[in-house]
Structure formats: C-alpha cells, structure tokens
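What's counted below: heavy atoms across the whole structure, side chains too, no hydrogens, waters or symmetry copies. As the structure is a computational prediction, the values presented were derived from the model and not from experiment.
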Amino acid sequence: MLLRQLEYLVALARERHFARAAAACHVSQPSLSAAVRRLEHELRVPIVRRGNRYEGLTPEGEVVLAWAHRILAERDSLRQELSGLRDGLTGTLRLGVVPTALPAATLLTTPFCDRHPRAGVSVESLSSADITLQLTEFALDVAMTYLDDDTPRQARRFPLYEERYVLLTPVDGPLAHAARARWSEAAALPLCLLNPRMRNRRIMDECFAADGATARPAIESDSVAGLYAHLPGGRWSSVISHAWLHLFGVPDGLRVVPLEGPAHGPRVGLVVTRGEPGSVLAEAFLTVAREAGVRDALDTLLRTYLTDVG
C-alpha cells in the first residue's frame, strides 16, 4: 500500500468525482482510478461504489477512508517533527475558527509566527459543524470554537475566554447613558445582529428570551465585519461579544453599555484531535496559547472601553 493511493482516495471522497479528484492530485483520471483499484486489490475489499459515475464509498471504504486520514496526518506530523529538529519549526498550521472568534484569533496567530518565523498559519472561517467534521478527518491541526458545542469525543480542549455581551448604541440614543441595560430594553432598539444561522446569534436569542423579549433586527449579517459596517452613522445598535472589540473597537458616535445577565457566556477555546504522535505545529500553538493570556487581555480591553465612556 502506497501513501499516494491513500491521498487519491481522500481526494476522491472530498471531490466526489473522479475527474476533479485527479485534477486536484495533478494526475490523469486513469492513473487515479487504477491506483484506487490497486488499493482495493491489496486490501481485498471493495472501496468505491461504481456506476456510470462516482456513487460514494462502500462501508468498507468508509473504514479505509478514516484510516487514510489518520495515516496521512501522522505522515505530516513525522515530517514536521523531523523538519523541526533540522531547521526549527516549519510548515503551515491549519487553523479553523468559528466566525465570531476570528477577531480574537490574532492574539494567538501573531505571537505564534513571531516565535516560529519559518512556520505559517492558514486560517479558515468555518461553522462549528464543519470544524467538527474537519477535525475528525484530520484536515485541521487546531480549531478555535465554542467548547460547549459538539466536538470529536477524542479531542483535547483548551479554554481561552468566556464571551461577554455588551450593547453598542448611539451616544444620543435612549440607553446611551445607562449604567447597565436589560436585554429586553436592547430588543426595543433599532438593531443589526448576526443572522440566526450563526451560533453566536442563537446564544443571544436565548438571552433575549430569558428576559422575556424577542429581538427583531432590521439588519442581519453572516459576518462580524458585515455587522460592523452598518454601525457608523448613529442609526443602529447591536449586541456584540467583547472579543470583537479587539479587532473592531467602538465606532465613532457609539458607546458601550454592559448588559444585565450571566457574568460569563459560553466558553471559546482551542480543540485538538488526540493522536500519538500529535501534530508538532499544534503542540507549538498550544504552548503559545498557554502563555498568551487571552482571557485577561480581552477583559482588560473591555474595562478600558467601559472606563473611557464612564
């Protein structure tokens, strides 16, 4: 069995099309098909369900695919470790991040690159469901996501911070000078929020409901950047996670008002799939995270904004 055969199988399962998989692997379609057939012959099991086109994997093929992901991930870890011994840490860390945690990701990626100048980071914005899938398939080295969501059972979790929610509202608005605001009061404002497909929005909707209110925003966005784009001008208010202040701050003409409710929201942290040996890049990233003090940095930033407007 050749590692190349496993790479072809992974590409075929990902692309679900022989020609596209061959193009992704930079080989001809007959070469890829022949390699998969040789793999079936060597393992003595049918792997691909064939018809006029690719129809998916057999039950045996799904087992082989899971092992292929694991074997290729361990191959990559071996290369990283040997390269690190020779030249210092090199390669590219594959980091998946839920969109609402992206503003805080730079608190980790920048010091990681400073410490390991020969290594890089590939950051991909993914839903929590996609993160779970890609961790299972060893397509990610590390994920930055909600720790309370479903993550692979065989995974290590490293908490970074708890989300705190605050109201961003125009300085001439009805709640601008309130020491604290209720969620029900915020719901009555002209709002722009993330859309309900976002995990963060669903968490906020639970907070609104706990105060007997339902948010009906006029503007909804599928990204934090899209939400912030609507805030300048003094027409809209929004409820945000305090972590977003790290990247976006407070737009001119708005102020931060704390919201009554739980002292801490859901936990955000790093998730790494367990494996022996583990990814050298992932372990180096966890080392940076342990020293970064993300929770304290974000809480200090929030206190600074609250003091500035107090």
Side-chain angles (χ1 to χ4, degrees), residues 1-97 116 118-127 129-143 152 154-155 272-285:
M1 188 192 323
L2 298 176
L3 291 175
R4 178 65 66 182
Q5 293 170 315
L6 301 180
E7 290 175 345
Y8 291 168
L9 176 61
V10 168
L12 181 59
R14 181 182 66 246
E15 301 293 338
R16 302 188 60 81
H17 191 277
F18 279 96
R20 289 197 299 268
C25 295
H26 307 289
V27 297
S28 67
Q29 181 175 333
S31 295
L32 183 138
S33 297
V36 173
R37 288 188 182 279
R38 283 197 299 273
L39 185 61
E40 291 177 315
H41 176 73
E42 292 173 17
L43 296 177
R44 299 180 182 178
V45 295
I47 293 175
V48 178
R49 291 190 285 113
R50 293 179 175 86
N52 293 328
R53 62 185 66 185
Y54 174 81
E55 296 181 355
L57 301 180
T58 64
E60 297 90 340
E62 294 290 351
V63 173
V64 175
L65 177 64
W67 276 98
H69 283 301
R70 184 180 305 177
I71 291 169
L72 294 175
E74 292 185 350
R75 183 272 314 270
D76 293 342
S77 294
L78 172 61
R79 287 176 173 172
Q80 292 166 8
E81 186 164 356
L82 293 177
S83 177
L85 292 172
R86 184 179 63 249
D87 304 316
L89 197 63
T90 60
T92 300
L93 176 86
R94 301 164 299 179
L95 175 64
V97 186
H116 305 288
R118 293 174 58 85
V121 182
S122 174
V123 180
E124 188 171 359
S125 177
L126 298 167
S127 69
D130 286 337
I131 281 177
T132 298
L133 175 62
Q134 294 205 24
L135 282 172
T136 302
E137 295 181 346
F138 298 93
L140 296 174
D141 296 302
V142 185
Q154 298 299 321
V272 180
T273 303
R274 293 185 186 275
E276 293 296 340
S279 164
V280 176
L281 288 169
E283 291 303 321
F285 196 73

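Residues Leu65 and His69 have side chains in contact (heavy-atom distance under 4.5 Å, counting atoms from C-beta outward). Counting heavy atoms from C-beta on, the side chains of Gln134 and Arg94 never come closer than 4.5 Å. The shortest side-chain heavy-atom distance between Leu9 and Leu57 falls under the 4.5 Å cut-off. In this structure the side chain of Val48 reaches within 4.5 angstrom of the side chain of Phe18, judged on heavy atoms. Between Tyr8 and Val27 the shortest side-chain heavy-atom distance falls below 4.5 Å.
Nearest heavy-atom pair, Ala143 versus Ile131, reported as atom, atom and distance to 0.1 Å: CB-CG2, 3.4 Å. Taking both residues in full, the closest heavy atoms of Ala284 and His116 are given as CB-NE2, 3.8 Å, listed atom of the first, atom of the second, then distance. Taking both residues in full, the closest heavy atoms of Thr92 and Val121 are given as CG2-C, 4.1 Å, listed atom of the first, atom of the second, then distance. Among all heavy-atom pairs drawn from Leu3 and Leu72, the shortest one is O-CD2, 4.0 Å. Across Val45 and Glu60, no two heavy atoms sit closer than the pair CB-CB, 4.0 Å. Closest non-hydrogen pair, Ala13 versus Tyr54, comes out as CA-OH, 4.0 Å.
Taking Arg49 as the reference, nothing meets the salt bridge (Lys or Arg N to Asp or Glu O under 4.0 Å) condition, with sequence neighbours excluded.
A side-chain donor-acceptor contact under 3.5 Å links Thr273 to the backbone of Leu135.
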